[in-house]
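Read through the structure below, which is laid out as structure tokens, and then see the notes.
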Amino acid sequence: MQLSRLLIATLREDPADAEIPSHRLLARAGYIVKTAAGIYTYSPLMWRTLKKVAQIVRDELDRESAQELMMPILQPRELWESSGRWERYVADGIMYTLKDRKGTDLCLGPTHEEVITAFADATITSYKQLPVNLYQIQDKFRDEIRPRFGLMRGREFIMMDAYSFDADAAGLDESYAAMSRAYHRIFERCGLEFGAVQADAGAIGGSGSEEFMVFADAGEDAILRCSASGYAANVERADSIAPAAPSGGDPRPIEKHETPDIRTVEQLEGFFSMPAAAMAKTVLYEVKYAESEAVVAVMMRGDLAINEVKLANRLDCLALELASDDKIRQATGAEVGFAGPVGLPEEVRLLADETLRGATNLLTGCNETGYHCLNVNFGRDCREPEFHDVRLARAGESAPGGAGELEEVRGIEVGHIFKLGTKYSSAMDATFSSQQGKPEPFVMGCYGIGVSRTAQAAVEQNHDEAGIIWPPAIAPFEVVVAVLDPKKDEQTALGQQIYDRLRESGIDACLDDRKLRPGPKFKDLELLGFPFQVTVGRGAADGVVEFCERRNREKQEMSVDEAIAKCREALTAPAVS
RNA sequence: CGGGGCGUGGCUCAGCCUGGUAGAGCGCUGCGUUCGGGACGCAGAGGUCGGAGGUUCAAAUCCUCUCGCCCCGACCA
């Protein structure tokens, strides 16, 4: 490809709406052009990169015997009602819905569990056909609350979604392991520094789940990891060993104290000269279920925090949020800051974190404005709460197992693998005949990779002040042969010759024959970020060119043969195991 | 949806407070000089100031509504 024939529209200045480096660079280099918020047109160069990412995904999935197919974007409401997700997705507002001319409701697919489960039900009839793993690479649509950071969180984005069907849990474990292997190879080949971390299964549901995270400061997710033990988890999911609390000792008689305007843990520490770890705060949540709403009180040790994702999972609710001041007054009969287990109305469900199990002589609120209680003991002064782990793990705490300390890093979620089990197949009555001739629901897994997000994550991890530094495997071109002065015949001829020889070697090269002065040409190519450059300039008459690696921008003069050899050497990627 | 901010040539922005001739830099076109790190000269093209309504002799500027976009919090590949 001659760059003079390729539509390249780089910008001299950063677009005003780009915040993080990868978004800024992709927009400035003209790789992406915004069509609407969270909706982008991919330029010809960007499309080359996206196709390369997609092809790596295909290669590695196919190696694990997955099969590519294509499902519809437009999906009928009745299909989504068969899994029970229509109402929830519409209520959450994340799904685009529309009506056809007859008034029939449809949606633009945000994901394809329903379609694939119906397809599997229609086509897989016997256990002899299992396992099956099906995937597609397609645009997905989500009415994101806040699209941002370019391709990182778009309303329309390219995603690979795969679905495995097995006869039993052991089969699912194998399918899941195969996908995990494939994912590791995919992100390795894309040149990313990444890790698999334990994850919350979220709205999709199911048991086991891991996220593949590209480590980057701009990442939207917080990860806790421990290098000593190898433990890594999304903070939503992470566990840790809580710091020890002082022993409360044998139960002493409860004491009620006047605490005017003392509402927070910090204030209580000062007022009673007690450590936060000897207190229990009581936080009220408004919890939404499919058919009802409730106020739930959650007790947590004073020095620790509540993990709302864990809490929502324990409560098995649709959504929860901190109760409003009005709700708190209504539920406890006291002002905000004085809620506690003592005298809590029976209709308010009471949970407590595991760290409070067996605790004695706690300092708590007692649902009376201006008062707190000392020496509160469960079962004696108040109900015995339901104990659950609802604690937020934090950096600095010990990792599960106690091998080392947790540190926090940021990550971009580029992939997610789930063990779904029979959640969808049971709901939709999608079955196969078992060896005993009985209908059994498929045991399913589902797996996603954000293809467009992965491409941007690669830029987030690979750039410098001058521009993008594409990992070779996903660069729009691996090598650019830059002819500095296309008006000089010997430069043009030599450039063309090098370009041809690189192409013959199977290298994805392009020829920059654009009539640009050298300064702008160098700047432009650095911004665009091709990993290797062969510069044909004043040495052309003597057969001398320059080889330059974008990553370090070091230039070396050498002969044409040497330059070509350098390119070949650099691009003979070590085989991925 | 809540809170904050912004819509002025292709891009980045000034002008708005205090109403009266629509501006700059970059980019683009032509000619000339230049030519290894975002050159220079000359000549040009390009804007219903997001949209609608209102106030006024007069609105980019003041008021109302509306649409779009960005940022901060709850969703997710």
- Message: Check for me whether the distance between the ring centres of A:Tyr31 and A:Trp470 falls short of 6.0 Å.
- Response: yes
- At under 4.0 Å between heavy atoms, what does A:Gly537 touch on the DNA or RNA strands: base, sugar-phosphate, or nothing? base
- Message: Roughly how many Å apart are B:C65 and B:A24, using the P atom of each and rounding to a whole number?
- Response: 35 Å
- Note on the structure: Of the listed B:C71, B:A77, B:U34, the closest approach to the A:Arg517 side chain comes from B:U34
- Query: Less than 4.5 Å apart, any side-chain heavy atom of A:Asn307 and any of A:Arg391?
  - Reply: no
- Message: Both A:Glu19 and A:Glu308 contact RNA chain B. Which one's nearest nucleotide lies toward the 5' end?
- Response: A:Glu19
- Message: For A:Arg142 and A:Tyr96, which I'm curious about, is there any donor-acceptor pair between the side chains at under 3.5 Å?
- Response: no
- Counting just side-chain N and O atoms, does A:Arg146 come under 4.0 Å of either OP1 or OP2 of B:C71? yes
- Considering only heavy atoms and no angle criterion, is a donor-acceptor pair shorter than 3.5 Å present between the side chain of A:Lys34 and the base of B:G68? no
- Query: Between A:Lys555 and A:Phe522, is NZ or CZ placed under 6.0 angstrom from the six-membered ring centre and within 45° of the ring axis?
  - Reply: yes
- Note on the structure: Counting primed atoms, P, OP1 and OP2 as sugar-phosphate and everything else as base, the B/S/- map of nucleotides 6-14 of chain B against protein heavy atoms under 4.0 Å is -----BSS-
- Query: With a non-hydrogen cut-off below 4.0 angstrom, is A:Arg553 in contact with a base, only sugar-phosphate, or nothing?
  - Reply: nothing
- Has the side chain of A:Ser559 got a donor or acceptor atom that lies under 3.5 Å from a matching backbone atom of A:Val544? no
- A:Gln2-A:Tyr499 side chain donor-acceptor pair, cut-off 3.5 Å: no
- Message: Taking the minimum atom-to-atom distance to the side chain of A:Glu220, which one of B:A74, B:C75, B:A77 wins?
- Response: B:C75
- Of the nucleotides B:C71, B:A77, B:G37, which one has an atom closest to the side chain of A:Phe522? B:G37
- Message: Mind checking if A:Leu484 touches a base, just sugar-phosphate, or nothing, with heavy atoms under 4.0 Å?
- Response: base
- Query: Mind checking the P distance from B:C42 to B:A52? Whole angstroms is fine.
  - Reply: 39 Å
- Query: When rounded to the nearest 0.5 angstrom, what distance separates NZ in A:Lys423 from OG1 in A:Thr117?
  - Reply: 11.5 Å
- Item | 5′-ward residue of the pair A:Gly415/A:Lys523 relative to RNA chain B | A:Lys523
- Query: Near RNA chain B, which residues from residues 149-163 of chain A have a heavy atom under 4.0 Å away?
  - Reply: A:Met152, A:Arg153, A:Gly154, A:Phe157, A:Met159
- Query: Counting only side-chain N and O atoms of A:Arg538, is one of them less than 4.0 Å from OP1 or OP2 of B:G36?
  - Reply: no
- Query: Relative to A:Phe477, does A:Arg48 satisfy both conditions: NZ or CZ under 6.0 angstrom from the six-membered ring centre, and within 45 degrees of the ring's axis?
  - Reply: yes
- Message: Nearest to the A:Pro518 side chain among B:C1, B:C69, B:C35, which nucleotide is it?
- Response: B:C35
- So does A:Lys521 pair up with A:Asp524, basic N to acidic O under 4.0 Å? no
